[in-house]
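Data block below; observations after.
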Amino acid sequence: MEEELKCPVCGSLFREPIILPCSHNVCLPCARTIAVQTPDGEQHLPPPLLLSRGAAAAAAAPPPDQDAAAGATCGGAAASTAGGLGGGAAGGGDHADKLSLYSETDSGYGSYTPSLKSPNGVRVLPMVPAPPGSSAAAARGAACSSLCSSSSSITCPQCHRSASLDHRGLRGFQRNRLLEGIVQRYQQGRGVAAGASAAPAVAICQLCDRTPPEPAATLCEQCDVLYCATCQLKCHPSRGPFAKHRLVQPPPPPAPPEASPTSAGTSTAPSAGGCRSPGGAGASVPRKFPTCPEHEMENYSMYCVSCRSPVCYLCLEEGRHSKHEVKPLGATWKQHKAQLSQALNGVSDKAKEAKEFLVQLKNILQQIQENGLDYEACLVAQCDALVDALTRQKAKLLTKVTKEREHKLKMVWDQINHCTLKLRQSTGLMEYCLEVIKEDDPSGFLQISDALIKRVQVSQEQWVKGALEPKVSAEFDLTLDSEPLLQAIHQLDFVQMKLPPVPLLQLEKCCTRNNSVTLAWRTPPFTHSPADGYILELDDGDGGQFREVYVGKETLCTIDGLHFNSTYNARVKAFNSSGVGPYSKTVVLQTSDVAWFTFDPNSGHRDIILSNDNQTATCSSYDDRVVLGTAAFSKGVHYWELHVDRYDNHPDPAFGVARASVVKDMMLGKDDKAWAMYVDNNRSWFLHCNSHTNRTEGGVCKGATVGVLLDLNKHTLTFFINGQQQGPTAFSHVDGVFMPALSLNRNVQVTLHSGLEVPTNLGRPKLSGN
């Protein structure tokens, strides 16, 4: 909260805050420093006023050492201005009163020098140099008085909106006593008062030239300045414009706060610009009930809606608020408090969200630190694994090179040894033959010449072509292609794509209808790893293995053709280029207990005519034509009925079940894809593969009801007419996938009734006729 209690100009806690038209607040002394005078306003001053200003400046000459003290509260100008009152020869008492009216304490006028700025960029009033022969305080008083007839304005240091000052100057702005009281409570709560170490024992005069200043005798509620008796007579006479000002006893200064361990030995320096409260730096003036600035003796009683400010009753009768819309002050106060409280609730909610968001951000910071360490460790492990793999491959390659070298060396050494042996043998033979040739004994020579000639020829034949060529080359036929690996190493980088997250099943959209289930899912929010598609898996309805039933990009899927009265488990997972993500939670879906279906217009013969939302069937042909139902059964017990709406000329309609590939242009049951009972008006037969069996008495007519009971748990098919079983169990060992089926011609019309529970009061079977 401390930032809300600091002046935007001086940066210190507010002292004497005033409310600017833009609703922002500044200290009154700071407002004097940023008030801007029109540059050409000086030339409009009347000469008599200029003379009176000069006389006043010459008359008031406080000692130089009091200059700083007078300028600190911006009240020295008033003292110097009022100093001219003692020497009335400068312009008379009326001029003196008028001059005092336009003093800086009353009006707050200042001058503007663009080159001087405060640290936060707000324009600051420069120090006025003292003319020769006068004090600085008197010069500032003259400078402040010179602005009485100039047009001035003040610019808000926060929103930079400008507001013109009227003849009252800064006193025309309302004093924010509420903010002032909050600042005082804040200081008391902290146990530190501004300037507590320099707090005087009693309230002192703010305009005294003496050292030390005299104790204050009065406080002007309008000027908010403390005067001693002498200064009050000189600077604030009870005549002229000051006649309406209210003078009261000065408030006693507060007791200095006890020193605390944290504040002992420290003192608060006064803020820049001389923002001091009346009675000294540490004085605490009790809050006074605010009065109307235009009618000083009147308290606020109403609130002007047009001007958005409190007013007194005289403002309504005489002032500019007489024709404005007004409301009672108390009611408006409560209304605005309620509005502020309501607005604060919204801000409180946002603040709570902001705190939670900050906690989230701090958690993210911690997660980033932890994930960074994990990724660093993972990267080091991966690179070490690559280095290890390269080292192992290097060892394998070196082993290959060693084996190749040893092989080549062995081949060469073997060839060297072999060639050396043959060379030694050939050389010995050559030396022996030369010695034989040297002999002169023909008979002896001839005895061995034939054998020597053969041996030489054999030795020569040993040096065949290629015997003197190396069997291996000195070059190694091994080339290591490392370029792809180098490119892969250079391209080694982080892959931004990760495995997709777990899909979130939208249970509110998952549903079952008949023997179909519909599942919906979505990707979690704030996902940085998009999914290329999804894989939906479903079990067999008996808790068996999961199987894929859908692969694609859609997030909504309907699976048809499931078992009735079965419980299925479903799950989904996402995949992208990085791989397949984890499974979602498993959702359990229960199909319908009974089957709701109609005749299928797509599977029926073209001569079949359907109506009544495909629940009523007839035919346009005199030949029997087949139509199937929309449901398919492979397990469970199912029962449905067909009501005979029309029955003419004794036709033979057939009722039963069939495969999807049944022949549809002849009676049901004549091929091996259908199991049926055909019936006329007197008897019935069971028919399959064109085999007629179990003729049973009892037929159908208009209004009759034929029931079909398919029990795939027992693998049987049974028929009923008007609630009585027609013959024995028609077919046994029925296994596979079956669809309800019907064949009829144009003389018959039937209506299908599905979604029926298996009746428990079916009659006993009729005995068959054969």
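Atoms considered below: every heavy atom in the structure, side chains included; atoms not considered: hydrogens, waters and symmetry mates.
Side chains of Val708 and Leu717 form a contact here, defined as non-hydrogen atoms less than 4.5 Å apart. Counting heavy atoms from C-beta outward, Asn681 and Cys701 have side chains that stay 4.5 Å or more apart. Looking at Asp665 and Asp607, their side chains never come closer than 4.5 Å, going by heavy atoms from C-beta outward. In this structure, Asp735 and His715 have side chains that are in contact, with non-hydrogen atoms separated by less than 4.5 Å. Taking 4.5 Å as the limit, some side-chain heavy atom of Phe564 sits within range of a side-chain heavy atom of Asn514. Val412 places a side-chain heavy atom less than 4.5 Å from the side chain of Val472. With a 4.5 Å cut-off on side-chain heavy atoms, Pro651 and Tyr622 do not count as touching. Thr518 places none of its side-chain heavy atoms less than 4.5 Å from the side chain of Arg513.
Rounding to the nearest 0.5 angstrom, the gap separating the CZ atom in Phe720 from the CZ atom in Phe655 is 14.5 Å. Rounded to the nearest 0.5 Å, atoms CG (Asn745) and CD1 (Ile608) are 9.5 Å apart. From His643, atom NE2 reaches atom OG1 of Thr616 across 10.5 Å, with rounding to the nearest 0.5 Å. Rounded to the nearest 0.5 angstrom, Leu710 CG and Thr718 OG1 are separated by 9.0 Å. Atom OG of Ser620 sits about 9.0 Å away from atom NE2 of His605, to the nearest 0.5 Å. Atom CD of Glu537 is separated from atom OG of Ser584 by 9.5 Å, given to the nearest 0.5 angstrom.
Between the side chains of Glu356 and Gln360, not a single donor N or O lies within less than 3.5 Å of an accepting N or O. Between the side chains of Thr567 and Gln590, at least one donor N or O sits under 3.5 Å from an acceptor N or O.
Listed here is the closest heavy atom pair of Leu536 and Arg571: CD1-O, 3.3 Å. Nearest heavy atom pair, residue Pro503 against residue Ala574, reads CG-N, 3.9 Å. When all heavy atoms of Met677 and Val706 are compared, the pair lying nearest together is CE-CG1, 4.0 Å. Taking all atoms of both residues into account, the shortest heavy-atom contact from Pro653 to Leu744 is CB-CB, 4.4 Å. What you find for Asp560 and Ser516 is that their closest heavy atoms are OD1-OG, 2.6 Å. Considering every non-hydrogen atom in both Asp532 and Ser577, the closest pair reads OD2-N, 3.2 Å.
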Is there a side chain to side chain contact (heavy atoms under 4.5 Å, CB included) between His688 and Phe686 once you walk through the steps?
CA-CA 7 Å; His688 174 64; Phe686 301 145; over 6 Å; no

Derivation and outcome, side chain to side chain donor-acceptor pair (under 3.5 Å), residues Lys702 and Tyr647
CA-CA 5 Å; Lys702 179 180 179 181; Tyr647 187 83; over 6 Å; no

Evaluation steps, side chain to side chain contact (heavy atoms under 4.5 Å, CB included), between Val572 and Leu519
CA-CA 9 Å; Val572 64; Leu519 295 107; over 6 Å; no

Candidate pair Lys410 and Asp414, rule salt bridge (charged side-chain N to carboxylate O under 4.0 Å, His left out), full reasoning:
CA-CA 6 Å; Lys410 183 177 182 300; Asp414 289 346; 3.2 Å; yes

Begin with the C-alpha distance, continue with both residues' side-chain angles, and end with the deciding distance and a verdict on side chain to side chain donor-acceptor pair (under 3.5 Å) for Ser743 and Asp624.
CA-CA 6 Å; Ser743 68; Asp624 291 311; 5.1 Å; no

Please assess Asp671 against Val662 for the test side chain to side chain contact (heavy atoms under 4.5 Å, CB included), listing each intermediate value before the final yes or no.
CA-CA 7 Å; Asp671 62 355; Val662 65; 3.6 Å; yes

Could you please spell out the steps behind the side chain to side chain contact (heavy atoms under 4.5 Å, CB included) verdict for Phe738 and Arg659?
CA-CA 5 Å; Phe738 302 95; Arg659 309 284 193 195; 3.5 Å; yes

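Between the Ser348 side chain and the Leu344 main chain, no donor and acceptor come within less than 3.5 Å of each other. A distance-only check finds a donor-acceptor pair linking the side chain of Gln726 to the backbone of Glu697 [under 3.5 Å]. For Gln415 (side chain) and Lys471 (main-chain N/O), a donor-acceptor pair under 3.5 Å exists by modelled atom type. The backbone N or O of Ser473 sits less than 3.5 Å from a side-chain atom of Lys408, completing a donor-acceptor pair. Put simply, the side chain of Asp539 gets close to the backbone of Gly541: a donor and an acceptor are under 3.5 Å apart.
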Name the atoms and distances for all side-chain donor-acceptor pairs under 3.5 Å in residues 627-635, with sequence neighbours left out.
residue : atom : partner : partner atom : Å
Thr630  : OG1  : Thr598  : N            : 3.2
Thr630  : OG1  : Thr598  : O            : 3.3
Ser634  : OG   : His563  : ND1          : 2.6
Lys635  : NZ   : Asp542  : OD1          : 2.9
Lys635  : NZ   : Asp542  : OD2          : 3.2

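Listed by chain and residue number, Trp685, His692 satisfy the ring-ring contact (aromatic ring centres under 6.0 Å, His included) test with Tyr678 (two or more places apart in sequence, or in another chain).
Paired with Gln366 under the rule side chain to side chain donor-acceptor pair (under 3.5 Å), one option of Gln369, Lys362, Glu370 passes, and it is Glu370.
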